Amino acid sequence: MMPPNPMHFYEKKARRPPAVPIVSLIDILAILLIFFIVTSTFKERRDILNISLPNAGAIGERATPEDRATVSVTAEGEIFFDGDPVAAEALPATLQRFRADNPDRKLDLKADEATDLGTLVKVWDALTQAGFKIRDVPARIQIVEPAPAPAPAPPPPEN
């Protein structure tokens with residue numbers, strides 16, 4: 001063996017290329033993924049408008065239409081229950097009596113397109129006070145088309 005060169009003061013070391021520790025990065029990524037899955041809240045599905053459409057088989061089952069009572073509201077704000085006028089203050093009591101006497105009979109709400117929203121809210125409040133659910137009472141807006149203009153009268157015959 002040869003003795004080390006006395007003039008060689010430092011030894012040149014072979015440099016290792018830098019390396020990224022992939023295994024530890026995968027561990028950190030897995031921990032972060034588990035953390036985000038556990039702490040995230042998923043958006044709940046909410047029904048904004050509950051619509052139940054009949055299927056084709058259900059149409060033939062009911063030969064006669066349901067007999068429904070009608071709460072009508074005119075453009076002037078008058079309220080009628082099955083054709084009889086009712087004051088807005090007396091409507092909750094009328095609906096409660098109706099529900100007690102006819103537990104299986106359902107309601108319809110018919111309103112003119114020019115009905116004041118405040119009047120409709122009073123009717124809806126009366127329905128909820130009587131124990132009806134608003135979604136179970138279908139509302140129909142009646143659009144009143146203007147009457148056609150009368151035909152001009154024919155000119156009087158000249159003599």
Side-chain angles (χ1 to χ4, degrees), residues 4 8-146:
H8 193 198
F9 297 113
Y10 61 92
E11 187 175 324
K12 193 172 189 181
K13 292 184 180 180
R15 201 159 199 210
R16 243 176 40 173
V20 178
I22 297 293
V23 175
S24 60
L25 288 179
I26 292 174
D27 291 344
I28 292 171
L29 181 65
I31 291 171
L32 286 175
L33 182 65
I34 291 170
F35 173 76
F36 286 127
I37 289 174
V38 170
T39 59
S40 64
T41 57
F42 297 102
K43 186 176 180 182
E44 292 181 22
R45 183 170 183 233
R46 296 183 316 176
D47 293 332
I48 295 174
L49 183 60
N50 188 10
I51 299 175
S52 58
L53 299 173
N55 55 16
I59 294 174
E61 294 174 6
R62 192 179 343 152
T64 58
E66 288 183 275
D67 182 31
R68 289 182 173 253
T70 306
V71 177
S72 303
V73 183
T74 64
E76 294 80 28
E78 299 170 328
I79 301 172
F80 293 91
F81 181 71
D82 265 353
D84 299 327
V86 178
E89 298 79 28
L91 187 60
T94 304
L95 291 172
Q96 287 173 347
R97 268 192 315 256
F98 169 77
R99 187 175 177 121
D101 295 343
N102 308 300
D104 294 334
R105 198 164 171 211
K106 296 186 179 184
L107 286 177
D108 270 348
L109 174 62
K110 293 184 181 178
D112 190 271
E113 69 175 338
T115 302
D116 182 33
L117 182 61
T119 307
L120 284 175
V121 170
K122 287 178 187 175
V123 171
W124 286 327
D125 286 342
L127 287 167
T128 54
Q129 288 174 9
F132 290 97
K133 293 182 180 177
I134 298 299
R135 69 171 185 245
D136 294 338
V137 180
R140 292 179 174 83
I141 305 297
Q142 297 174 343
I143 299 174
V144 180
E145 295 184 14

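Here the structure is a predicted model, which is why all the values come from computation and not from measurement. Residue numbers count from 1 along this sequence. Values reported hereafter were calculated over all heavy atoms of this structure, with side chains retained and with hydrogens, waters and symmetry mates removed.
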Can you check whether D82's main-chain N or O pairs, donor with acceptor, with T70's side chain at less than 3.5 Å?
no

Quick one: pull up CD1 in I34 and CG in L29 and give me the separation to the nearest 0.5 Å.
10.0 Å

Over-ring placement of R105 relative to F98, 6.0 Å and 45° cut-offs:
no

T115 and V73: which non-hydrogen atoms are nearest, and at how many Å?
CG2-CG1, 3.3 Å

Residues L95 and F132: closest non-hydrogen pair is O-CE1, 3.9 Å

Does any N or O in the side chain of Q96 come within less than 3.5 Å of the main-chain N or O of Q129, such that one atom is a donor and the other an acceptor?
yes

Shortest non-hydrogen pair, A130 vs R99, comes out as O-CD, 3.3 Å

G77 to T119 - nearest heavy-atom pair and separation:
O-CG2, 3.9 Å

State the CD1-CG distance between I79 and D84, to the nearest 0.5 angstrom.
13.5 Å

